[in-house]
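Here is how names work: the chains are called A, B, and so on, in the same order as the sequence lines, proteins then strands, and each is numbered from 1. The figures here come from the full heavy-atom set of this structure, side chains too, leaving out hydrogens, waters and symmetry mates.
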2 protein chains.
Amino acid sequence: MKGKLGQQSLSQRVYQQIRELITEGELLPLQRLSEANLSEQLEVSRNTLREGFRLLTQEGLLVYQPHRGVCVACPQVQDIIDIYRVRRVIEIDAIKQSYPFHPALPTMRQAIQKALQLRHQSNWQGVGTANMEFHRALVSLSDSKRLQHLFYSIAAELRLAFNFLGSPERLHSPYIEKNDQLLMLLTAGKINQAVTLLHDYLVASERLLLTAYSQHTA
Amino acid sequence: MKGKLGQQSLSQRVYQQIRELITEGELLPLQRLSEANLSEQLEVSRNTLREGFRLLTQEGLLVYQPHRGVCVACPQVQDIIDIYRVRRVIEIDAIKQSYPFHPALPTMRQAIQKALQLRHQSNWQGVGTANMEFHRALVSLSDSKRLQHLFYSIAAELRLAFNFLGSPERLHSPYIEKNDQLLMLLTAGKINQAVTLLHDYLVASERLLLTAYSQHTA
DNA sequence: AAGTCATTATTGTTCAACAATTATTTATTG
DNA sequence: CAATAAATAATTGTTGAACAATAATGACTT
């Protein structure tokens, strides 16, 4: 019934669509996804939908329960801890590879501008997205396809965790200035200082999120 | 037509089966996988097979060409470089987390024993497998689900690269002793020395593989 | 209210079909 | 004969229906 124009396969599209629903907070943890419903809603067959499900399951955004279908993953405290551990490893390694005219630096600058603009409009969801774009650009300093891919994956999980908590502004907003500082250090080639800043930044961010989590649980 | 007993889904089984065919060297780079053929051979439907294909594609072991199907990935030199970059990041970080009675250490010991035994039987493919088991255990020192998963993935790619070259014994054999040294340093708590040893080990291994690659190309 | 059994809904998997695209063969022409 | 164009075959991309296996629901009994 579908004459396709776009290059990508349908299952790939489905994968991205659901992924976006999750990272944008339209789908929340523990929510079950019915194959019948979703396949009708996204206008694809169940088989195609299931291909997308598998991808998202492997990525950790969906959880599979045999014969009971999939539901949106619910990041546990230990996941937060693990994710930040990975972030420290990947991001710190990435900035160690930085050099003054790396093409990622302008991209980081753009992300900061975008975040500032969205904060001015009080679009906190957008600020969160821009912040993640900054860090994705940062990771691309590593020039490593595989490390970038892993970060792409955990960034989505992290987004899910933030949305879980209702993503209040205070969780993202103060970091824009930190990002700016960090970028300045990198453009100046002050790697060691940048490493320290980023490390502290990540530790603080983790603590904030864990605190919010414990309150949310209680 | 299938009454299933095993817990895992069929597509998961298919995923593992094909994965094994690749890591064990039965399927070589650039080989095209016909849906009709393979689905008959593995006794699953095309739809189920395709679910497995997608997983392997996301993992980088298969390459997808729209309307032309999938073929086994062919690791390029830049992939080798990237993989070793990731290995250094992950493995060195992992051993920094080591402590004397970490449960991963006995597993590493077992892998060494297994490798020695298989070397004695001149089973080089097996030695390669055991070597990878050693390093997988090493990475589990990190206690990070996500870093372990990434390593699981790149280990398979690496295996593919080795098989591509015909996996001559000299590529693996001399490393058993290095593994042993490394493990002794870890059990003794001499982390710094272990880091140095592992780093040099990985650099040397990368160089060896890249050299073999350039010869293979020529 | 707790436990058993029948009923219903959902997932797991297959199959057959057909549109869209690519590969191959045949025909045509210079 | 070589090169190219057209026709044909094969493969992938996607669907919808079917049915078995399992889980969820609800009625019934005590």
Starting at the 5' end of DNA chain D, which residue's closest nucleotide do you reach first, T48(A) or H67(A)?
-> T48(A)
Any residue of residues 58-66 of chain A with a heavy atom less than 4.0 Å from an atom of DNA chain C = Y64(A), P66(A)
Indicate yes or no for a side-chain donor-acceptor contact from N163(A) to the backbone of R159(A) under 3.5 Å, with no hydrogens or angles considered.
-> yes
Value in whole Å for how far the C1' atom of dC18(C) lies from CZ of R46(B) = 11 Å
Atom CD of Q12(B) to atom P of dT11(C): distance rounded to whole Å?
-> 18 Å
Between L118(A) and T129(A), is any pair of side-chain heavy atoms under 4.5 Å apart?
-> no
Phosphate-side-chain proximity, R50(A) and dG12(C), N/O vs OP1/OP2 below 4.0 Å | yes
Atom CZ of F53(A) to atom C1' of dT13(C): distance rounded to whole Å?
-> 16 Å
Contacts of E26(B) that satisfy side chain to side chain contact (heavy atoms under 4.5 Å, CB included) - sequence neighbours left out = L21(B), E24(B)
Basic-acidic side-chain contact under 4.0 Å: E206(A), R87(A) = no
Distance, rounded to the nearest Å, where E35(A) contributes CD and dA23(D) contributes C1' | 14 Å
For E40(A) and dT10(C), what is the distance between atoms CD and P respectively, to the nearest whole Å?
-> 12 Å
Is the CD atom of Q78(A) crowded by more than 12 outside heavy atoms at less than 6.0 Å?
-> no
R13(B) CZ to dT13(C) C1', straight-line distance once rounded to whole Å | 12 Å
Flag the pair R85(B) and D143(A) as a salt bridge only when some basic side-chain nitrogen lies within less than 4.0 angstrom of an acidic carboxylate oxygen.
-> no
Can you find a side chain N or O atom of R68(A) that sits less than 4.0 Å from OP1 or OP2 on dT22(D)?
-> no
Can you tell me how far C1' of dT11(C) sits from CZ of R32(A), to the nearest Å?
-> 9 Å
N47(A) has a side chain; which of dA17(C), dA23(C), dT15(D) sits nearest to it?
-> dT15(D)
Grab the CG-P distance between L10(B) and dA20(D) for me, whole Å please.
-> 17 Å
More than 12 heavy atoms from other groups under 6.0 Å of NE2 on H120(A) = no
